[in-house]
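In what follows, a structure is listed as structure tokens, so that the remarks can point back to it.
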Amino acid sequence: MQPSRYENLTAAQAIAYQHELRRQIDLTPLNKPIQTIGGADISFNKYSEVVYAGIVLFNYPELKVIGTATAISKTKFPYISGLLAFREVPALVEAWNKLEIKPDLMVLDGQGIAHERRTGIATHFGLITNTPAIGSAKSRLTGRYDEPGNKPFDQSPMYDNGEVIGIALRSKINCNPIYISPGHRVSMGQSVDIIKNCIRGYRIPEPIRQAHLLVNKIRIEDGDNNNRQINLFDYNHRLPY
DNA sequence: GCGACAG
DNA sequence: ATCTTGTCGC
């Protein structure tokens with residue numbers, strides 16, 4: 001199935017495809033040393049079908065930026081919890097195809113196997129690009145866990161159906177944890193170790209943080225002004241008139 | 001039926 | 001996700 005055709009799928013068909021992808025997941029430990037790593041993210045205006053995708057490449061473990069790639073695309077697939085990949089992966093793959101050199105591993109903003117069908121966006125992206133990938137989410141989708149301690153790198157396993165599907169990691173003191181899970185071709189332990197090395201003073205791991213800054217930048221540069229939106233703040237200030 | 005629900 | 005200011009806590 002080509003990502004460019006995802007928007008033609010119904011939710012039921014997308015779920016059927018996830019069941020198909022699930023069988024192909026490989027969580028064998030990555031045996032090759034990591035020299036390059038990439039972070040990916042998407043930005044968009046909620047009143048527009050335009051999505052801005054970006055990937056930032058770094059050398060590893062230093063995390064010095066060595067390249068970027070972006071793509072401005074459109075999607076009609078709505079955001080549906082559990083089907084995020086069908087909305088965001090097409091644009092990400094467009095950016096991916098523009099990369100001169102592909103990284104040894106990718107970090108995606110969302111879940112890996114910490115998903116009801118074990119097919120979060122990191123797993124999905126890793127499978128269709130045949131690239132080791134890790135999911136790092138800012139909130140939980142599924143799974144039960146005890147709140148990790150409040151010290152940096154305190155962690156707590158996430159369970160679903162008796163299996164460990166991810167790790168809630170305290171990336172920064174006094175901040176909510178982030179949720180780490182392997183996506184494809186990397187183990188649970190390696191995923192946590194790699195993400196820990198990508199934490200550089202902020203709650204969000206550097207690859208994703210930089211990708212987020214990049215996509216927001218290109219969205220503003222593209223002139224997001226044309227996509228009119230009335231938020232509560234503006235609305236209240238216009239009431240007198 | 002009810003509550004939960006990545007971005 | 002995205003909009004925006006102020007404010008609280010470390």
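Counting heavy-atom neighbours within 6.0 Å of A:Asp146 CG, excluding the residue itself, gives a total of 12 or less. By the neighbour-count criterion of 12 heavy atoms within 6.0 Å, atom CD of A:Gln35 is sparsely surrounded, having that number or fewer from other residues, nucleotides or ligands. Counted within 6.0 Å of NZ on A:Lys98, heavy atoms from surrounding residues, nucleotides or ligands total more than 12; the atom is thus considered enclosed.
Residue A:Gly82 is in base contact, counting any heavy-atom pair closer than 4.0 Å across all strands shown. Nucleic acid contact for A:Ile121: base, since at least one base atom lies under 4.0 Å from a heavy atom of the residue. Contacts of A:Asn216 with the nucleic acid, taken as non-hydrogen atoms under 4.0 Å apart, involve only primed sugar atoms and P, OP1 or OP2. Among the protein residues, A:Ile208 comes within range of no part of the nucleic acid, since none of its heavy atoms lies under 4.0 Å from any strand. The residue A:His124 sits apart from the nucleic acid: no heavy atom pair falls under 4.0 Å.
Between A:Tyr79 and B:dA6 there is a side-chain polar atom (N or O) within less than 4.0 angstrom of OP1 or OP2. The shortest distance between the side-chain N/O atoms of A:Ser139 and the OP1/OP2 oxygens of B:dG7 is below 4.0 Å. Distances shorter than 4.0 Å separate none of the side-chain N or O atoms of A:Thr142 from OP1 or OP2 on B:dA6. Between A:Arg140 and B:dA6, a side-chain N or O to OP1/OP2 separation shorter than 4.0 Å is absent. Between A:Asn45 and the phosphate of C:dC3, there is no side-chain N or O to OP1/OP2 separation shorter than 4.0 Å. OP1 or OP2 of C:dC3 sits under 4.0 Å from a side-chain N or O of A:Arg219. Regarding contacts with the backbone of C:dA1, a side-chain N or O of A:Lys138 is found under 4.0 angstrom from either OP1 or OP2.
Take the nearest nucleotide of DNA chain C for A:Asp41 and for A:Asn174: the residue whose nucleotide is more 5' is A:Asp41.
Stem analysis of DNA chain C (Watson-Crick or G-U pairs, both distances under 3.5 Å, runs of at least three) returns none.
Under a cutoff of 6.0 Å and an axis angle of 45°, A:Arg209 and A:Tyr202 form a cation-pi pair. For the pair A:Arg22 and A:Tyr17, the NZ or CZ position fails the cation-pi test of under 6.0 Å to the six-membered ring centre and within 45 degrees of the ring normal.
As a whole-Å value, the separation of A:Asp160 CG from B:dC5 P is 13 Å. Atom CZ in A:Arg144 sits about 13 Å away from atom P in B:dC5, given to the nearest Å.
A donor-acceptor pair shorter than 3.5 Å can be found between the side chains of A:Asn216 and A:Arg219.
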